[in-house]
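Here is the naming used below: chain letters follow the sequence lines, and residue numbers restart at 1 for every chain.
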Amino acid sequence: RNQPMRGGFGTGRSFGNRAALGNKFEERNNSGFQRDSTGDSQSRSRTLSRRGAGFQEGNCSERSGTQRRGTGGFRGGRGGFGQSHINENEQQEQQSGSIFISRRGGFGGPTGDNDNNKSRGFGRQGGYRGYNEEVIAGSGRSSWKSDGENEDGDYQGPKVTYVPPPPPDNEEAIFAHYQTGINFDKYDTILVEVSGLDPPPAILTFEEANLCQTLIKNIAKAGYSKLTPVQKYSIPIILAGRDLMACAQTGSGKTAAFLLPILDHMMKDGITASHFREQQEPECIIVAPTRELINQIFLEARKFAYGTCIRPVVIYGGTQTGHSIRQIMQGCNILCATPGRLMDIIGKEKIGLHKVRYLVLDEADRMLDMGFGPEMKKLISCPGMPSKDRRQTLMFSATFPEEIQRLAGEFLKPEYLFVAVGQVGGACSDVQQTILQVSQYSKREKLVEILQSIRDERTMVFVETKKKADFIATFLCQEKIATTSIHGDREQREREEALWDFRSGKCPVLVATSVAARGLDIENVQHVINFDLPSTIDEYVHRIGRTGRCGNIGKAISFFDSVSDSHIAQPLVKVLSDAWLEEIAFSTHGMGFSNPRGNIFASVDTRK
DNA sequence: AAAAAAT
């Protein structure tokens, strides 16, 4: 509690009120320091509330009663950044006497573990999700996923009131995209390996794909002119109705690689606009491991489906179920979903599965591993779900460990095709990778040093735990570096705001846990800093893939602590030397170089 | 061990 940086407030709460940011930043930041010197949690809570009130809301202080200890402090804390985030619904809930439970940590980590353990238990999302909490709010559940409901079948956790803002609906915003980098042409030289029986030949241009007019128009509006390697191979494969496992960096056009042929097929099948109905029957289901990622895929789908009668819908947790249901009822041809909400909605019979012709698993290795595998198995054995011979199953990821490929067999037809896109021009050689040996204790200092020297360049800082994400973000704010943070214990609203503030450039630094490691496509991320190295090399590959996208050059700096990171040293050397050798091979031989080391692919088809 | 995913 006595450490100055445990201020805890706002850890990058994106500086709350957007309009009010500007020069207030410093002032608020300072108030963070002051708060730490106040005594017990009660008075701190009050100080905070007053502060929040000072900035914005007149009635904030009324909320600092005991009932609110956990959340009051935290909310107020955000008030310190100029915004108290209690919305009307939540206020009502309090007035009616119920205990409001913050979805995120009381003080969100940094101060979450101080003197009031109880408030922490209530405060953490983990309280009901049961990541690691002994105090469970409301229910005694020990894993987030229902091992069944409690006796009454009633859920007693916090009420989710968040409804995400509607996506932009003017044409310009829908088709907004960013420029490809100077290395984009290098994509032409990438080696691609296809294995499996009778693969259809690759195509070289969009024209060859023979897509329908509306799609062609949308592709042009989206600014796509050249096919990326994944697209050259995947599009004809999907058009031919084959199952596919594709190993390629996200951001190399992977999303379009499966959306375009699926949409084309759906158009040619003559899908008619779906009407408002209680139960919808989507033709395509796309799943991804994080909420932000599935949202991104949805936005792409909406882009390509523009002007057609195909309606994509996105649903994910942390938002009102009612909102998801309403979105679906208005018509749903392509359903983009995270696993939990998807199974929930299926259970509520809001969607029927028998018309599903396409099932797409993005970041498939993640979708099939221990965490999500069981859910995915449940999905394909749901009543109504067509068996694997009666649907097309497509899997994409930058990495495909062997054991995952074995698991994938349950989902794919045995004669599925495997496409591996080489890494030249992909993340590895467009990303300049640096490893810094740094002791655990000098990491923070080093981080500040780096961030100050690259001021205002967009940077993602990856840490190992949610708590640490809060901690580091708070610390950086105190160092006057505009920082925001994203991790699974933040409210969905906060997560989306953080991402938005990072995307828009308001906060050039984003501190993140692995939630942001995969798939997120953010323009102009110049740097990735691995404050903590991940536990697996695959995770490393995904993380550094957040920079150097779309032919742009990026830099990845990793802090290597010989005490904790020795396990990853060996695979790391392999990744680094591969990237290095390929770069040399490319620059000396240019196109068509022969691969110096046998395998340059992140994964190989294990059936061989 | 951590993170993620419904309420």
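If you check B:dT7, B:dA3, B:dA6 against the side chain of A:Thr338, the one that comes closest is B:dA6.
A:Glu292 pairs by the salt bridge (charged side-chain N to carboxylate O under 4.0 Å, His left out) definition with A:Arg495, not counting sequence neighbours. Here A:Tyr540 pairs with nothing under the ring pair (Phe, Tyr, Trp, His ring centres under 6.0 Å) rule; sequence neighbours left out.
Note: CD (A:Glu375) to C1' (B:dA6) measures 9 Å, nearest angstrom. One atom, NE2 of A:His542, and another, C1' of B:dA4, lie 14 Å apart when rounded to the nearest Å. Atom pair A:Met376:CE and B:dA4:P shows a separation of 18 Å (rounding to whole Å applied). As rounded to whole Å, 16 Å separates atom C1' of B:dA6 from atom NE2 of A:His323.
Between A:Lys468 and B:dA2 there is no side-chain N or O to OP1 or OP2 distance below 4.0 Å. Taking only side-chain nitrogens and oxygens, A:Arg341 comes nearer than 4.0 Å to OP1 or OP2 of B:dT7. Remark: A:Arg495 is in phosphate contact with B:dA5, judged by side-chain N or O atoms under 4.0 Å from OP1 or OP2. Between A:Thr465 and B:dA1, a side-chain N or O to OP1/OP2 separation shorter than 4.0 Å is absent.
Remark: A:Lys303 NZ is packed, more than 12 non-hydrogen atoms of other residues, nucleotides or ligands lying under 6.0 Å away.
Going from atom CZ of A:Phe559 over to atom CD of A:Gln437 covers 12.5 Å, rounded to the nearest 0.5 Å.
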